[in-house]
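Within every chain, numbering begins at 1; the chains are lettered A, B, ... in the order of the sequence lines, protein sequences first and strands thereafter.
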Amino acid sequence: MTGTDPQLSRTALEVAPLLLGAVLTVHRGGATVAVRITEAEAYEGEADPGSHGFRGRTARNSSLFGPPGTLYCYFTYGMHHCANIVCGSEGRASAVLLRGGEIIAGEPEARARRRNPVRARDLANGPAKLAQALGLDLTCDGLHLDTQYTGTGADNAAPGRLWATLSPLPALAPPGVKTGPRVGVAGPGGSTDYPWRFWLEGEESVSAYRAATPRRRPRPAGRGAHTD
DNA sequence: GCTTCGATCTTCT
DNA sequence: GAAGATCGAAGCG
């Protein structure tokens, strides 16, 4: 697979189900971890209220507006990273968020990155878990699939020693694909009008569904303090 | 097993 | 100043 892969030059809604069952391989710091994608969410650019591109291009999301095949990695909730694969066409901010997957190679490395001893099913059953298991963070933002990273030494891998590849996508989505509302997206972009989450039925590595939770008021005391 | 809530900090309004 | 494409520990049944 090369540069701007035509397989990814279509809408996120089309690409997301095709990604299910595909294998993303990341080589970093001398280790290779491969994940079979079992869950993904589509974000359709500036027309999608749930998308980071909805409010236009910023320094944070500029990779999202890159050519198809670009990795858009962002930092969220003060401690987590998530990874998207940009699709559609350059400048459109269309991307698929990788929400869950099964580690099929490099499990020891993935476990080491995940720090806590966890069950295999818990290694990548969530967007931040998957990014962590693969070693994806802000230093990978803007990396193009199949292109060796040659950026600054800010990351913990030697320059030129980081790359990611995606297995060829099938013409049709695999059997057993289910759809539902996106996870954690508040407002109109998260309503059932946008059932743009796709997963493989029966897979253990699919993350648990959580509706968007409105931010709670800070409590005067520790947990358990009543709200009134 | 399921539910609830705090941690943590960047980004945007 | 508030919200956020989350996670994991603690509490409860």
Side-chain angles (χ1 to χ4, degrees), chain A residues 12-13 15-16 19 37-65 70-88 93-101 110-111 113-134 136-142 154 179-199 204-228:
Chain A
L13 270 176
V15 171
L19 280 174
I37 300 167
T38 58
E39 184 183 4
E41 275 179 7
Y43 289 87
E44 284 293 5
E46 294 178 276
D48 177 0
S51 168
H52 283 182
F54 182 59
R55 290 185 173 81
R57 188 172 191 150
T58 66
R60 179 202 194 194
N61 66 16
S62 62
S63 297
L64 186 56
F65 291 78
T70 301
L71 285 179
Y72 165 50
C73 301
Y74 65 92
F75 184 63
T76 190
Y77 287 97
M79 65 190 92
H80 299 302
H81 293 92
C82 297
N84 294 248
I85 295 177
V86 176
C87 50
S94 181
V96 176
L97 170 69
L98 305 178
R99 287 200 55 90
R111 283 185 178 279
R113 287 172 177 155
R114 296 276 288 117
R115 288 185 296 179
N116 297 327
V118 292
R119 296 170 297 179
R121 59 180 292 185
D122 293 328
L123 282 173
N125 63 337
K129 298 176 188 177
L130 183 131
Q132 186 177 36
L134 288 175
L136 297 174
D137 56 26
L138 285 181
T139 64
C140 306
D141 183 40
T179 67
R182 294 186 294 201
V183 177
V185 180
S191 76
T192 50
D193 293 337
Y194 292 79
W196 291 356
R197 172 178 173 239
F198 300 84
W199 69 92
E204 289 191 326
S205 53
V206 173
S207 66
Y209 175 75
R210 294 189 191 203
T213 51
R215 196 178 187 81
R216 290 169 294 277
R217 292 197 305 272
R219 309 236 169 161
R223 79 183 292 184
H226 60 73
T227 57
D228 213 48

Spacing of A:L123 atom CG and A:S205 atom OG [to the nearest 0.5 Å]: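 If we round to the nearest 0.5 Å, A:L123:CG and A:S205:OG are 10.0 Å apart.
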Gap between atom CG of A:L97 and atom OH of A:Y72 - 0.5 Å precision: 10.0 Å
Minimum heavy-atom distance A:V86-A:L64, with the two atoms named: CG1-O, 3.7 Å
Minimum heavy-atom distance A:D122-A:K129, with the two atoms named: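 What the structure gives for the nearest pair is O-CD, 3.7 Å.
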What is the distance from [atom1] of [X] to [atom2] of [N], rounded to the nearest Å?
X      : N     : atom1 : atom2 : result
A:R182 : C:dT6 : CZ    : P     : 11 Å
A:D122 : C:dT6 : CG    : C1'   : 14 Å
A:L98  : C:dT6 : CG    : C1'   : 15 Å
A:E41  : C:dG4 : CD    : P     : 15 Å
A:Y209 : C:dC7 : OH    : C1'   : 17 Å

Side-chain donor/acceptor of A:Y74 to base of C:dA5, under 3.5 Å: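 Pair found.
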Consecutive-pair stems (at least three Watson-Crick or G-U pairs, under 3.5 Å) that include DNA chain B: B:1-7 with C:6-12, B:9-12 with C:1-4
Using side-chain hydrogen bond (donor to acceptor under 3.5 Å, both in side chains) as the criterion, list what pairs up with [X], not counting sequence neighbours.
X     : value
A:N84 : none
A:S51 : none
A:E41 : A:Y43

Interface with DNA chain C, restricted to residues 124-132 of chain A and to heavy atoms under 4.0 Å: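 Per residue number, the list reads A:G126, A:P127, A:A128, A:K129.
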Whether A:Y77 stacks on the six-membered ring of C:dG4 base, 5.5 Å and 30° limits: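 Base of C:dG4: stacked against A:Y77.
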Of the listed nucleotides C:dT6, B:dA7, C:dA5, the one nearest the side chain of A:V183: C:dT6
Of the listed nucleotides B:dA7, C:dG8, C:dA5, the one nearest the side chain of A:Y72: C:dA5
Residue-phosphate contact under 4.0 Å: [X] side-chain N/O, [N] OP1/OP2:
X      : N     : result
A:R197 : C:dA5 : no
A:R114 : C:dG8 : yes
A:H80  : C:dC7 : no

Are there any protein N/O atoms within less than 3.5 Å of an N/O atom in nucleotides 10-13 of chain B, and if so, which ones and at what distance?
| from | atom 1 | to | atom 2 | distance (Å) |
| --- | --- | --- | --- | --- |
| B:dC12 | OP1 | A:T58 | OG1 | 2.5 |
| B:dT13 | OP1 | A:R55 | NE | 3.2 |

Neighbour count >12 (heavy atoms, 6.0 Å) for atom CZ, A:R55: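 It does not: A:R55 CZ has 12 such atoms or fewer within range.
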Touch class at under 4.0 angstrom, heavy-atom based, for A:R210 against every strand present: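 Answer is base: heavy atoms of A:R210 come under 4.0 Å of a base.
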Donor on one side chain, acceptor on other, A:R113 and A:Q132, under 3.5 Å: no
Ring geometry between A:H81 and A:F75 (parallel below 30°, tilted from 30 to 60°, perpendicular above 60°):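 If you compare the ring of A:F75 with that of A:H81, the planes turn out tilted.
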Min side-chain heavy-atom separation A:V185-A:Y194 under 4.5 Å: no
